[in-house]
Amino acid sequence: MNVTAIILAAAVVGGTGLVIGLLLGIASEKFKVPVDEKEVAVRELLPGNNCGGCGFAGCDALAKAIAAGEAPVGACPVGGPNVAAQIGEVMGVAAGDSVKQVAYVKCAGTCEKAKTKYEYNGIQDCVAAMTAPGAGPKACTFGCTGFGSCVKACDFDAIHIVDGIALVDKEKCVACGKCVATCPKALIELIPYDAKYAVQCSSKEFGKDVKAVCQEGCIGCKMCTRVCEYGAITVENNNAHIDQTKCTGCGKCAEKCPAKIIKMQA
């Protein structure tokens with residue numbers, strides 16, 4: 001065996017490796033992408049659910065937006081006030097007051113109270129049922145179909161179908177908004193966690209037409225608007241809506257509602 005040849009080969013391999021290493025080092029410095037330390041710090045504070053409730057494509061995108069000043073420090077609905085405060089410290093701004101919100105289903109048409117037009121044997125999905133006659137079997141075309149598209153969309157097990165309608169578990173809900181976006185009848189909205197009263201109906205019919213299809217429903221009588229001293233409740237398209245920023249929780253609207261569709265929240 002030629003020892004000189006072996007040494008020469010080893011030297012060539014070692015030298016080649018050294019040159020390649022140097023070139024790679026130079027290239028990494030030349031093409032290095034700057035890292036925003038604030039973005040990294042914000043991302044570490046975000047919960048990592050990637051639910052999209054903030055309006056961005058996941059936590060990475062939100063962290064980038066917050067660091068760039070394109071999103072508020074309290075934009076993450078899952079993290080809530082605590083995470084907002086920590087991100088505020090990183091960004092050097094006050095998180096501000098934030099109100100915990102939860103999803104609310106504006107329908108009281110349970111199996112017992114709501115009438116059906118026919119027996120539905122199609123795909124058990126609210127979106128799919130919208131292609132059926134009358135947008136599903138429920139006689140009230142505005143009511144919850146009860147096939148659970150919102151349940152499938154929720155990553156937090158916070159919404160379930162109970163007695164034919166969707167019901168939100170306030171303690172589990174993080175207000176990500178996925179159920180709101182998924183419901184094909186726009187029955188779900190976000191309200192403050194500590195809201196005292198809410199209207200549990202979305203029907204736009206009036207009077208006898210509401211009662212003809214469901215035992216519970218807003219009849220658009222406007223009695224609630226007459227007794228509210230704070231202008232917190234209005235009726236549009238025969239349906240009452242409470243402005244939670246104005247509502248004081250006095251309960252007068254609920255007391256006077258003849259349909260008893262304005263419900264106290266537990």
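Heads up: numbering here begins at 1 and tracks the sequence.
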Report, one line per pair, each donor and acceptor closer than 3.5 Å where one atom sits in a side chain of residues 161-177; sequence neighbours left out.
| residue | atom | partner | partner atom | Å |
| --- | --- | --- | --- | --- |
| D169 | OD1 | E171 | N | 3.0 |
| K170 | NZ | Y193 | O | 2.8 |
| K170 | NZ | A266 | O | 2.8 |
| E171 | OE1 | Y193 | OH | 3.2 |
| E171 | OE2 | Y193 | OH | 2.5 |
| K172 | NZ | D157 | OD2 | 3.1 |

Just jot down the salt bridge (charged side-chain N to carboxylate O under 4.0 Å, His left out) partners of [X], sequence neighbours excluded, or say none.
X    : result
K185 : none
K252 : E229
D155 : K178
K256 : none

Under a 4.5 Å cut-off applied to non-hydrogen side-chain atoms, are [X] and [Y] in contact?
X    : Y    : answer
V199 : K106 : no
I66  : M91  : yes
C224 : C257 : no
L62  : L46  : yes
I159 : I188 : yes
D125 : T145 : no
Q265 : Q200 : no

- Query: What's the verdict on salt bridge (charged side-chain N to carboxylate O under 4.0 Å, His left out) for D194 and K100, showing C-alpha distance, side-chain angles and the deciding distance?
  - Reply: CA-CA 8 Å; D194 58 357; K100 176 178 172 58; over 6 Å; no
- Query: Is a donor on one side and an acceptor on the other found under 3.5 Å between the side chain of N239 and the backbone of C201?
  - Reply: yes
- Query: Taking all non-hydrogen atoms of both residues, which atom of F142 and which atom of L187 are closest, and how far apart?
  - Reply: O-CD2, 2.9 Å
- Task: Mind checking the CD-SG spacing from E205 to C214? Nearest 0.5 Å is all I need.
- Result: 12.5 Å
- Task: Just grab all the salt bridge (charged side-chain N to carboxylate O under 4.0 Å, His left out) pairs involving residues 39-51, residues at least two apart or on different chains.
- Result: R43-D60
